[in-house]
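This report concerns only the one structure given below.
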2 protein chains.
Amino acid sequence: MTGVTDTLAYRLGTLGGRVADRFIQAVAGYGVKPRHVALLVVIDSSRPASQLELARRLRIAPSLVVQLADHLVALGAIERSRDARDRRRQYLLLTDAGRRLLAACAAAARRVDEEVAAGLDDGQRDDLRLLLAKVSDTLAP
Amino acid sequence: MTGVTDTLAYRLGTLGGRVADRFIQAVAGYGVKPRHVALLVVIDSSRPASQLELARRLRIAPSLVVQLADHLVALGAIERSRDARDRRRQYLLLTDAGRRLLAACAAAARRVDEEVAAGLDDGQRDDLRLLLAKVSDTLAP
DNA sequence: TATTGTTATACTCTATAACTATA
DNA sequence: TATAGTTATAGAGTATAACAATA
């Protein structure tokens with residue numbers, strides 16, 4: 001009988017935590033945490049989106065988007081821009097500094113990858129990336 | 001230039017969280033959370049260990065082991081047994097009910113796997129398991 | 001009245017520090 | 001005095017609920 005440690009669910013869950021801890025350390029120097037990076041990512045990879053839209057995409061509470069955005073504004077990484085036609089809405093937009101910050105976080109993630117994937121050859125790294133992407137897509141909706 | 005989402009670190013971190021959420025739901029009916037399952041796993045897969053040893057293996061605070069163990073004792077899943085030669089030490093031992101609970105959690109994890117790996121064929125599932133195991137080993141120490 | 005964003009509050013998780021008992 | 005375990009306390013992270021502004 002296979003044990004719980006043999007399952008993808010258990011391995012992905014525990015390993016995800018270990019890797020996330022390293023990522024936290026890797027980006028801490030830039031004054032951000034994984035949630036901030038995730039927000040930067042979705043801002044970067046979509047048409048200008050309101051805070052509520054971003055909350056839905058990230059599956060986090062709207063009030064948390066406010067806090068994360070406040071912090072990123074303070075860092076100069078994003079700007080809030082009111083919708084002229086519906087003044088309730090505020091779009092979050094990356095600044096040049098925000099793009100540089102995101103690039104720095106990507107570089108930090110690649111440094112973590114060096115450690116995480118130290119035991120894998122290039123082909124295995126690509127295989128793993130592909131398989132994780134497939135799983136992500138499965139869980140996407 | 002590769003973005004942060006292309007890295008293993010970012011994917012493993014975010015995906016780990018999503019999968020962990022599903023695992024939490026899957027075992028909630030048994031009255032346990034992932035930390036309890038992790039404690040059951042290490043108790044099951046080692047010589048009788050003191051609470052402090054278990055804390056070190058799980059990389060969690062000794063005080064947390066106390067809380068988790070209290071809960072598992074209340075569920076009847078483990079028993080505390082004092083070391084006769086050093087009455088400060090308490091070994092945590094699985095009961096039969098604990099073994100059944102662990103088996104139920106493994107079954108729950110396999111149900112989560114059905115969802116997580118729905119987009120992968122059997123060969124890909126094995127590949128992913130193997131690659132994750134390799135990465136786990138790399139990060140083990 | 002409904003929706004967007006914000007603020008206030010509460011809850012969960014977990015660690016650190018203080019304490020007890022045994023050595 | 002040092003160690004295993006326990007209890008008390010505090011901090012981080014995040015959600016829910018109450019509120020403000022606009023539609």
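Naming: A, B, ... by sequence-line order, numbering from 1 per chain.
Among residues two or more places apart in sequence or in another chain, the side chain to side chain donor-acceptor pair (under 3.5 Å) test is passed with R87(B) by none. Here D126(B) pairs with R129(B) under the side-chain contact (heavy atoms from CB on, under 4.5 Å) rule; sequence neighbours left out. Not counting sequence neighbours, the partners of A26(B) by the side-chain contact (heavy atoms from CB on, under 4.5 Å) test are A108(B), V112(B). Under the side-chain contact (heavy atoms from CB on, under 4.5 Å) criterion, E53(B) pairs with A49(B), S50(B), R56(B), R57(B), sequence neighbours left out. Residues satisfying the side chain to side chain donor-acceptor pair (under 3.5 Å) test with R35(A), not counting sequence neighbours, are none.
Hydrophobic cluster of L52(A): no remaining members, since no ILVMFWY side chain lies below 4.5 Å from it.
Within the 3.5 Å criterion, the main-chain N or O of L68(A) finds no donor-acceptor partner in the side chain of H71(A). Between the side chain of D83(A) and the backbone N or O of Q90(A) there is no donor-acceptor pair closer than 3.5 Å. Side-chain N or O atoms of D6(A) include one that pairs as donor or acceptor with a backbone N or O of G3(A) at under 3.5 Å. Under a 3.5 Å cut-off, the side chain of D113(B) and the backbone N or O of T7(A) do not form any donor-acceptor pair.
A heavy atom closer than 4.0 Å to some atom of DNA chain D occurs in no member of residues 10-31 of chain A. Of the residues in residues 45-58 of chain A, S50(A), Q51(A), L52(A) come within less than 4.0 Å of DNA chain C through at least one heavy atom, sorted by number.
Using a 4.0 Å cut-off between charged nitrogen and carboxylate oxygen, D21(B) and R18(B) do not count as a salt-bridge pair. Using a cutoff of 4.0 Å between basic side-chain nitrogens and carboxylate oxygens, R125(A) and E114(A) are scored as salt-bridged.
With 3.5 Å as the limit, one finds a donor-acceptor pair spanning the side chains of Q51(A) and R80(A). For the residue pair T5(B)/R11(B), the side-chain donor-acceptor check at 3.5 Å is not satisfied.
Contacts between chain A and DNA chain C, taken as any atom within less than 4.0 angstrom of a protein heavy atom, begin and end at dA2(C) to dT7(C).
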List every contact pair, protein side and nucleotides 19-23 of chain D side both N or O, where the distance is under 3.5 Å.
residue, atom, partner, partner atom, Å
dA23(D), OP1, R87(A), N, 2.8

Short heteroatom pairs, N/O only, protein and nucleotides 15-18 of chain D, under 3.5 Å:
residue, atom, partner, partner atom, Å
dA15(D), OP2, A61(A), N, 3.2
dT16(D), O4, S63(A), OG, 2.7

Using residues 117-124 of chain B as the side-chain source, report each donor-acceptor pair under 3.5 Å to any protein atom, sequence neighbours left out, with the distance given to one decimal.
residue, atom, partner, partner atom, Å
D121(B), OD1, G123(B), N, 3.0
D121(B), OD1, Q124(B), N, 2.7
Q124(B), OE1, D121(B), N, 3.0

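Per the geometry, CZ belonging to R80(B) stands 9 Å off P belonging to dG5(D), to the nearest Å.
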